[in-house]
*Asks:* 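If you scroll down you'll find the structure; I have some questions about it.
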2 protein chains.
Amino acid sequence: MARDSKNTNGDRYAPGLDEVSLAIIEQLQEDGRRPYAAIGKAVGLSEAAVRQRVQKLQEQGVMQIVAVTDPLTVGFLRQAMLGVTVDGDVEPVADALAEIDEVDYVVIAAGSFDLLVEVVCQDDEHLLDLINKRIRALPGVRSTESFVYLKLRKQTYTWGTR
Amino acid sequence: MARDSKNTNGDRYAPGLDEVSLAIIEQLQEDGRRPYAAIGKAVGLSEAAVRQRVQKLQEQGVMQIVAVTDPLTVGFLRQAMLGVTVDGDVEPVADALAEIDEVDYVVIAAGSFDLLVEVVCQDDEHLLDLINKRIRALPGVRSTESFVYLKLRKQTYTWGTR
DNA sequence: CTTCATCACTTCGGATTGCATTGCTAACGG
DNA sequence: CCGTTAGCAATGCAATCCGAAGTGATGAAG
């Protein structure tokens, strides 16, 4: 396989991210606990080589292996997406939002919102407090719009394996 | 441990989801590959019991253990959030959207959008085609608004461990 | 009260896997 | 030509995984 495990991609990937690493990621998107040896057989590497790559990918922040759930199913939580518009530079506002514990997802976007922010709360009161007292109060935040989650319908991570 | 591993929660959780299972999920949110024995020591169960619970949680669809990445970092992708408004019943539209491969996230929400839909595409043309020809064409979809992702700033799954 | 079934957990042993180490090869720069 | 670095394969031992079997508690039926 892959005599050219060097980049053939014109630097569109993160450094050191070749097609072999992509194949490893695909394997782990299907099952995060798949043994290294099985992955190695699938991508044409030894067990140790796979392990080293996985470790490096995680250290670089390219990939993380975690349990994901539907917070609403797990119970004690209210969840919402916030559309945020910003005055001035977007990045510092994104950074400030990212530091809030209840915020689990921050994306800088193009469109009628500058930022999309997903939040997880204990209950409605907690959510209200978070939005009004802590998020709207941030310097640079011009306005927010809330979309409270009613039901999670799909949540997949296997887009790498289409 | 926990003489009352029966529900003390008034049915707010999915069936069979007690505080021990929550503790297991927390462990795996920190590290999806943590050994069962280590988890068992942390939550006060034997290795085998943890293994049985994790298996059941995955079978029930409560939890999945996967690799997650930033698609934009991995390279060959355009990503966006779509706000969708619907005529009539929302659920069948959500189902139809969930069946599309490029759609990785579907939430039924309250607010000026009925649905929030995250999509992952190869490039701009692919995205355009998906939105105009396949999503807007779905029966029941009244309108869509797009937020193209510029940069992912935060993505965590450890909300269970605050 | 007894019996039977179920459920969650534990214990146990063998098979598998993870991991640190070692050595090999190729690529690069002086 | 030599030294350095990086990535991978191979090896051996410890740790982990996994299926099977056993135990005790609970609840329902006779």
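Lettering of chains follows the sequences in order, A, B, ..., and the numbering in each one begins at 1. Atom set for the values below is all heavy atoms of this structure, side chains included, hydrogens, waters and symmetry mates excluded.
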*Asks:* Respond yes when some side-chain nitrogen or oxygen of B/Lys56 is under 4.0 Å from OP1 or OP2 of C/dA8, and no when none is.
*Replies:*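 Yes, such a contact exists.
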
*Asks:* For nucleotides 17-22 of chain D, give me every protein contact, N/O to N/O, under 3.5 Å, one pair per line with atom names.
*Replies:*
residue: D/dC17; atom: OP1; partner: A/Arg33; partner atom: NH1; Å: 3.2
residue: D/dC17; atom: OP2; partner: B/Tyr36; partner atom: N; Å: 2.9
residue: D/dC18; atom: N4; partner: B/Glu47; partner atom: OE1; Å: 3.3
residue: D/dG19; atom: N7; partner: B/Arg51; partner atom: NH1; Å: 3.3
residue: D/dG19; atom: O6; partner: B/Arg51; partner atom: NH2; Å: 3.2

*Asks:* Could you give all pairs that pass the side-chain hydrogen bond (donor to acceptor under 3.5 Å, both in side chains) test and reach residues 35-46 of chain B, with sequence neighbours left out?
*Replies:*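 Not a single pair qualifies under side-chain hydrogen bond (donor to acceptor under 3.5 Å, both in side chains).
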
*Asks:* In whole Å, what is the span from the NZ atom of B/Lys41 to the C1' atom of D/dA15?
*Replies:*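 Spelled out: NZ on B/Lys41 to C1' on D/dA15 is 12 Å.
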
*Asks:* Whole angstrom is fine here: how far is it from CD in B/Glu59 over to P in C/dC7?
*Replies:*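 Distance, rounded to whole Å: 14 Å.
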
*Asks:* Please round to 10 degrees the angle between the axis of the first five pairs and the axis of the last five pairs in the helix from C/dC1-D/dG30 to C/dG30-D/dC1.
*Replies:*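 Inter-axis angle at the termini of the helix from C/dC1-D/dG30 to C/dG30-D/dC1: 30°.
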
*Asks:* Applying side-chain contact (heavy atoms from CB on, under 4.5 Å), name anything that partners B/Ala37, two or more places apart in sequence or on another chain.
*Replies:*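 For B/Ala37 the side-chain contact (heavy atoms from CB on, under 4.5 Å) partners, ignoring immediate neighbours, are B/Glu47.
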
*Asks:* Considering every strand and a 4.0 Å limit on heavy-atom distances, what is the contact class for B/Ala49: base, sugar-phosphate, or nothing?
*Replies:*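 If one applies the 4.0 Å heavy-atom cut-off, B/Ala49 turns out to touch a base.
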
*Asks:* Within this structure, what is the CZ-to-C1' distance between A/Arg53 and D/dA9, rounded to whole angstrom?
*Replies:*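 From A/Arg53 CZ to D/dA9 C1': 14 Å.
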
*Asks:* Tell me every residue that passes side chain to side chain donor-acceptor pair (under 3.5 Å) with B/Gln58, counting only those two or more places apart in sequence or in another chain.
*Replies:*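 Per chain and number, B/Gln58 pairs via side chain to side chain donor-acceptor pair (under 3.5 Å) with no residue.
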
*Asks:* Rounded to whole angstrom units, what separation is found between the CD1 atom of B/Ile39 and the P atom of C/dT10?
*Replies:*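 Whole-Å distance recorded here is 14 Å.
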
*Asks:* What pairs with B/Gln155 under side chain to side chain donor-acceptor pair (under 3.5 Å), at least two apart in sequence or on another chain?
*Replies:*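 Checked B/Gln155 against side chain to side chain donor-acceptor pair (under 3.5 Å); matches are B/Tyr157.
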
*Asks:* For B/Leu128, which fellow cluster members are found when Ile, Leu, Val, Met, Phe, Trp and Tyr are connected by side-chain heavy-atom distances below 4.5 angstrom, either directly or through intermediates?
*Replies:*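 Direct or chained contacts put B/Leu128 with none.
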
*Asks:* Please determine whether the number of non-hydrogen atoms from other residues, nucleotides or ligands lying under 6.0 Å from atom CD of B/Glu125 exceeds 12.
*Replies:*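 No, not enclosed.
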
*Asks:* CG of A/Leu28 versus P of C/dG18: gap in Å, rounded?
*Replies:*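 Spelled out: CG on A/Leu28 to P on C/dG18 is 11 Å.
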
*Asks:* Show me the donor-acceptor pairs, under 3.5 Å and distance only, between side chains in residues 84-93 of chain A and residues at least two apart or in other chains.
*Replies:*
residue: A/Thr85; atom: OG1; partner: A/Ser143; partner atom: N; Å: 3.3
residue: A/Thr85; atom: OG1; partner: A/Ser143; partner atom: OG; Å: 2.5
residue: A/Asp87; atom: OD1; partner: A/Arg142; partner atom: NE; Å: 2.7
residue: A/Asp87; atom: OD1; partner: A/Arg142; partner atom: NH2; Å: 2.7
residue: A/Asp89; atom: OD1; partner: A/Glu91; partner atom: N; Å: 3.3
residue: A/Glu91; atom: OE1; partner: B/Arg153; partner atom: NH1; Å: 2.5

*Asks:* So which pairs with a foot in residues 96-115 of chain A pass salt bridge (charged side-chain N to carboxylate O under 4.0 Å, His left out), sequence neighbours left out?
*Replies:*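 Residue pairs passing salt bridge (charged side-chain N to carboxylate O under 4.0 Å, His left out), neighbours aside: A/Glu102-A/Arg134.
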
